[in-house]
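Below is one structure, written out as structure tokens; the observations come after it.
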Amino acid sequence: MLGLKLLTDPRWADIAERNLEEILTDHAWCEQKAATNAITMIAYNSEHDAFIQEMSDIAIEEMQHFKMVVEIIQQRGYTLGRERKDDYVGQLMKFCRKDGSRNMAFVDRLLFAAMIEARSCERFRVLSQNINDEELSKFYYDLMVSEANHYTTFLNFARQLSTDVDVDKRWKEWLDFEGNLIQSYGNKEAIHG
């Protein structure tokens with residue numbers, strides 16, 4: 001699915017379901033960070049009109065998702081906890097190229113975002129298919145579709161806006177890196193944990 005090298009063990013959904021307040025809090029903050037990432041990419045790449053429009057739409061959609069998750073948290077009598085550090089995303093960020101051309105760094109930031117969306121999509125699929133909570137199962141199915149669209153958008157922009165990067169080659173490197181990285185995750189009630 002999505003080219004990922006290692007799929008999440010469906011038993012991860014049991015870990016998540018045992019502490020819904022924690023997984024929902026982590027998820028809410030993931031959505032907020034995704035919106036921030038889209039806004040940041042606009043700030044650094046404002047010369048691409050179509051890109052600005054699409055990133056604006058993604059930022060708005062991610063904040064709508066944040067709001068939806070917060071509403072679920074509140075409806076269930078939970079409390080939105082503090083923002084969580086996402087070690088998985090931190091490790092992906094370290095893999096981003098920081099040397100080379102401006103375009104190379106931009107393309108890598110797009111691939112970084114595509115990777116996060118791909119893994120989030122895959123995790124949402126696992127939740128939608130494996131938790132007993134019907135409301136959340138449907139909610140995560142709907143979000144899975146949205147994340148797949150975001151993944152495609154970031155990957156397509158990397159291909160479209162690259163001037164000096166073999167995007168398919170670099171994407172394969174991202175998939176290989178993430179395939180090794182994700183082996184250390186999948187045992188916590190966190191979207192990427």
Side-chain angles (χ1 to χ4, degrees), residues 1-16 19 22-41 43-45 55 58-59 62 65-66 69 81-127 140 143-144 146-148 150-159 162 165-193:
M1 178 179 191
L2 308 165
L4 297 173
K5 300 291 183 181
L6 182 66
L7 299 181
T8 300
D9 185 325
R11 291 176 293 184
W12 170 76
D14 297 334
I15 296 169
N19 194 346
E22 182 62 28
I23 194 79
L24 289 167
T25 289
D26 181 71
H27 178 193
W29 290 114
C30 287
E31 298 291 355
Q32 181 273 328
K33 290 172 195 170
T36 299
N37 184 58
I39 292 166
T40 299
M41 284 200 286
Y44 289 108
N45 303 283
M55 290 302 105
I58 286 176
E62 298 289 16
H65 293 168
F66 172 81
V69 177
R82 306 289 287 170
E83 181 180 357
R84 286 9 182 196
K85 182 177 185 227
D86 192 326
D87 292 326
Y88 167 84
V89 171
Q91 292 299 315
L92 290 180
M93 181 57 81
K94 290 178 185 175
F95 189 68
C96 282
R97 290 184 175 150
K98 301 186 181 47
D99 55 356
S101 70
R102 181 175 181 270
N103 183 255
M104 189 177 293
F106 177 40
V107 168
D108 240 38
R109 185 66 182 249
L110 289 165
L111 296 178
F112 161 82
M115 182 56 65
I116 294 169
E117 297 289 346
R119 181 55 67 187
S120 297
C121 176
E122 191 265 345
R123 289 285 171 97
F124 292 165
R125 180 189 61 80
V126 170
L127 288 172
Y140 279 111
L143 287 184
M144 173 189 70
S146 175
E147 299 298 302
H150 296 171
Y151 151 79
T152 302
T153 298
F154 286 117
L155 201 51
N156 286 343
F157 272 120
R159 290 180 173 127
S162 174
V165 177
D166 180 339
V167 174
D168 291 331
K169 179 181 177 207
R170 182 61 178 155
W171 181 240
K172 183 184 179 318
E173 293 170 0
W174 270 99
L175 289 168
D176 290 342
F177 176 80
E178 198 272 351
N180 289 324
L181 175 65
I182 200 65
Q183 292 177 40
S184 300
Y185 295 88
N187 55 10
K188 299 188 334 189
E189 56 278 282
I191 296 300
H192 304 121

Distance, nearest 0.5 Å, that separates CD of E147 from OG1 of T152:
11.0 Å

Any side-chain heavy-atom pair from E178 and L6 closer than 4.5 angstrom?
no

Can you see which heavy atom on V126 is nearest to which on P10, and at what distance?
CG1-CA, 4.0 Å

Heavy atoms only: give me the nearest L110-F154 pair and the separation to one decimal.
O-CB, 3.5 Å

Evaluate the side-chain proximity of R170 to V107: yes if any heavy-atom separation is below 4.5 Å, no if none is.
no

Any chance you could measure F66, atom CZ, to E31, atom CD, to the nearest 0.5 Å?
9.5 Å

In chain order, what residues pass the ring pair (Phe, Tyr, Trp, His ring centres under 6.0 Å) check against H192, with sequence neighbours excluded?
Y88

Looking at every heavy atom in both A118 and L4, which two are closest together, and how far apart are they?
O-CD1, 3.9 Å

Under 3.5 Å donor-acceptor, D26 side chain and I191 backbone
yes

Pairwise side-chain contact, T36 with Q32, heavy-atom cut-off 4.5 Å (strictly under)
yes

From L92 atom CG to I182 atom CD1, the distance as rounded to the nearest 0.5 Å
8.0 Å

Heavy-atom distance under 4.5 Å between the side chains of F177 and K94, does that happen here?
no

Tell me, with the steps shown, if H27 and F124 meet side chain to side chain contact (heavy atoms under 4.5 Å, CB included).
CA-CA 10 Å; H27 178 193; F124 292 165; 3.4 Å; yes

Can you tell me how far the CG atom of N37 sits from the SG atom of C30, to the nearest 0.5 Å?
12.0 Å

Mind checking whether C121 and Y151 have side chains closer than 4.5 Å, heavy atoms only?
no

So do the side chains of V167 and L111 get within less than 4.5 Å of each other, counting heavy atoms only?
yes

R11, CZ atom: more than 12 neighbouring heavy atoms under 6.0 Å:
no

For atom NZ of K188, decide whether the heavy atoms of other residues, nucleotides or ligands shown that lie under 6.0 angstrom number more than 12.
no

Using the side chain to side chain contact (heavy atoms under 4.5 Å, CB included) rule, take M93 and R109 through it: C-alpha gap first, then chi angles, then the decisive distance, then the call.
CA-CA 8 Å; M93 181 57 81; R109 185 66 182 249; 4.0 Å; yes

Should the pair E83-K33 be classified as a salt bridge under the 4.0 Å nitrogen-to-oxygen rule?
yes

How many angstroms lie between atom CE of M55 and atom CG of N45, to the nearest 0.5 angstrom?
9.5 Å

Is the centre of the Y185 ring less than 6.0 Å from the centre of the W12 ring?
no

Considering non-hydrogen atoms only, spot the tightest contact between M104 and G100 and give its length.
SD-CA, 4.1 Å

Walk me through whether K5 and D176 qualify under salt bridge (Lys or Arg N to Asp or Glu O under 4.0 Å).
CA-CA 7 Å; K5 300 291 183 181; D176 290 342; 3.5 Å; yes

In terms of relative ring orientation, are W174 and F95 parallel, tilted or perpendicular, with 30° and 60° separating the classes?
perpendicular

R82 backbone acceptor or donor facing R84 side chain under 3.5 Å
yes

For T8 and R123, indicate whether the former's side chain and the latter's backbone hold a donor-acceptor pair under 3.5 Å.
no

Just how far is it from atom CZ of F157 to atom CE of M41, taken to the nearest 0.5 Å?
9.5 Å

Evaluate whether atom NZ of K98 has more than 12 neighbouring non-hydrogen atoms of other residues, nucleotides or ligands under 6.0 angstrom away.
yes

Side chain to side chain contact (heavy atoms under 4.5 Å, CB included) evaluation trace for L143 with H65
CA-CA 8 Å; L143 287 184; H65 293 168; 3.5 Å; yes

State, yes or no, whether a side-chain contact exists between H150 and S146 at a heavy-atom distance under 4.5 Å.
yes

pair M115-L175: side-chain heavy atoms closer than 4.5 Å
yes

